[in-house]
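Here the structure comes first, spelled out in C-alpha cells, and everything after it is commentary.
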Amino acid sequence: LTLETVARGVRNSVGIAFNPKNKDVWFTNHGRDWAGNDVPNDTLHRVPIKSAVPNFGYPFCHQGNVLDPDFGKGRSCDEFAKPAQLLGAHIAPLGLKFYDGKMFPAEYQGNIFIAMHGSWNREIKQGYNVMRVKLDEKGNASKPEPFLTGFLQDEKADPPMWGRPVDVLVLKDGSMLVSDDYNGIIYRIT
C-alpha cells in the first residue's frame, strides 16, 4: 500500500470520483461555517492526473477568492489553486458520481452528479437537490444545473424540507439511485 497526497488546503471533502475518461480526480469541498449566509461557497475541484499537488487554500482562502478573516491576514488567494466550480454557500455537497450508464440520453454521458444535502445554518435554505455538472472537451466544469429537485419545501415550515439527498450511484442498467437520509429512502431514477 502506497500513500499519495493529491491535494492540500481542503477543508471537508466528502464526494470524490475519478473521471472514467482520463482518471482526473474530482471532489467536493465544504466551505467554512459562520462567515455569512452567502460565503464561502462549497466547491467542486479537479486534480488532473500526473499534476503537481495543488493547494486549494484552506484555512487561509475560501472558494478561490475569499480570504479568511482570521487566518488570511498577510496572505493572498492568488497563492492557491482555484476550484473548478462554485456550488453555493453551505449546500453541503456529499456524493459525487460520473454518469457512465446508457439509460439516460447521450448528453448525460460523462456528466458529474452531486447530491446536495442542504444548508443548516443559512437564513434562507438552499441545496436539498441533486445537481448536474457538464464537462467540455478540455474537462472544464460548467455551472451546476438542477437535476433532481423538490426536496426543499416552505422555508418557514418545520422541518423546511421533504428530504435530504446524500449520495448517487449509477447501476449497471444505467438508472441512478439517490439516497435520502432524512426519510431513509433510496430513489431510483430511470
Side-chain angles (χ1 to χ4, degrees), residues 1-32 39-66 75-117 127 129-148 165-179 189:
L1 179 68
T2 303
L3 296 177
E4 179 182 355
T5 300
V6 298
R8 297 185 189 285
V10 178
R11 178 179 179 261
N12 183 7
S13 182
V14 179
I16 186 168
F18 292 91
N19 183 332
K21 280 187 175 179
N22 60 16
K23 304 302 181 215
D24 287 354
V25 177
W26 287 80
F27 62 94
T28 58
N29 188 49
H30 294 222
R32 71 161 277 182
V39 291
N41 273 255
D42 295 335
T43 48
L44 175 65
H45 295 276
R46 172 187 178 198
V47 178
I49 192 79
K50 298 181 183 174
S51 71
V53 176
N55 185 328
F56 292 104
Y58 182 80
F60 311 108
C61 176
H62 308 285
Q63 76 177 41
N65 61 4
V66 174
R75 305 298 295 254
S76 168
C77 286
D78 292 336
E79 299 174 51
F80 306 108
K82 305 298 181 214
Q85 199 54 252
L86 302 180
L87 301 176
H90 313 294
I91 51 83
L94 298 181
L96 176 151
K97 297 288 183 293
F98 281 85
Y99 186 77
D100 60 357
K102 303 286 189 241
M103 183 179 285
F104 294 178
E107 68 187 71
Y108 289 85
Q109 278 293 315
N111 290 187
I112 299 171
F113 289 84
I114 304 170
M116 310 265 192
H117 199 237
N129 55 32
V130 175
M131 299 297 275
R132 172 184 172 205
V133 175
K134 301 175 201 171
L135 302 181
D136 66 17
E137 288 76 33
K138 295 180 181 178
N140 298 313
S142 69
K143 183 177 178 185
E145 59 186 55
F147 174 72
L148 176 62
V166 176
D167 203 359
V168 295
L169 179 67
V170 179
L171 297 179
K172 288 182 182 181
D173 69 0
S175 63
M176 182 182 292
L177 299 181
V178 177
S179 61
I189 302 169

Donor-acceptor contact below 3.5 Å, side chain H30 vs main chain P93 |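 The answer is yes, because a donor-acceptor pair under 3.5 Å joins these two groups.
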
N129 side chain to L148 backbone, donor-acceptor under 3.5 Å =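 Such a contact is absent between N129 side chain and L148 backbone.
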
Mind checking ring pair (Phe, Tyr, Trp, His ring centres under 6.0 Å) for F56 and listing every partner two or more places apart, or none if nothing turns up?
-> F27, H45

Check side chain to side chain donor-acceptor pair (under 3.5 Å) between T28 and all other residues, then give those that pass, not counting sequence neighbours.
->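 Applying side chain to side chain donor-acceptor pair (under 3.5 Å) to T28 gives none.
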
Under the side chain to side chain donor-acceptor pair (under 3.5 Å) test, residues paired with D100 that sit two or more places apart =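 So D100 forms no side chain to side chain donor-acceptor pair (under 3.5 Å) with any residue.
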
Under 3.5 Å, sequence neighbours excluded: what are the donor-acceptor pairs made by side chains of residues 78-89?
unit_1: E79; atom_1: OE1; unit_2: R75; atom_2: NE; d: 3.2
unit_1: E79; atom_1: OE1; unit_2: R75; atom_2: NH2; d: 2.7
unit_1: E79; atom_1: OE2; unit_2: R75; atom_2: NE; d: 3.1
unit_1: E79; atom_1: OE2; unit_2: S76; atom_2: N; d: 2.9
unit_1: K82; atom_1: NZ; unit_2: G64; atom_2: O; d: 2.8
unit_1: K82; atom_1: NZ; unit_2: C77; atom_2: O; d: 2.9
unit_1: Q85; atom_1: NE2; unit_2: A141; atom_2: O; d: 3.0
unit_1: Q85; atom_1: NE2; unit_2: S142; atom_2: O; d: 3.1

Using salt bridge (Lys or Arg N to Asp or Glu O under 4.0 Å) as the criterion, list what pairs up with D173, not counting sequence neighbours.
->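 Listed in chain order: R188.
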
P59: partners by side chain to side chain contact (heavy atoms under 4.5 Å, CB included), with sequence neighbours left out | F71

Return each pair, listed once, that meets side-chain hydrogen bond (donor to acceptor under 3.5 Å, both in side chains) where at least one residue sits in residues 103-112; pairs must be two or more places apart or across chains.
-> N111-R132

Determine which pairs satisfy side-chain hydrogen bond (donor to acceptor under 3.5 Å, both in side chains) with at least one residue from residues 5-25, sequence neighbours left out, and list them in order.
-> N22-D24, D24-R46

How many angstroms lie between atom [atom1] of [X] and atom [atom2] of [Y], to the nearest 0.5 angstrom?
X    : Y   : atom1 : atom2 : result
F113 : L96 : CZ    : CG    : 11.0 Å
Y58  : T43 : OH    : OG1   : 12.5 Å
K97  : I16 : NZ    : CD1   : 10.5 Å

Are side-chain heavy atoms of F147 and Y99 found at a separation under 4.5 Å?
-> no

Note, L135 side chain near I112 side chain (heavy atom, < 4.5 Å) |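 In short, these two side chains touch, coming nearer than 4.5 Å.
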
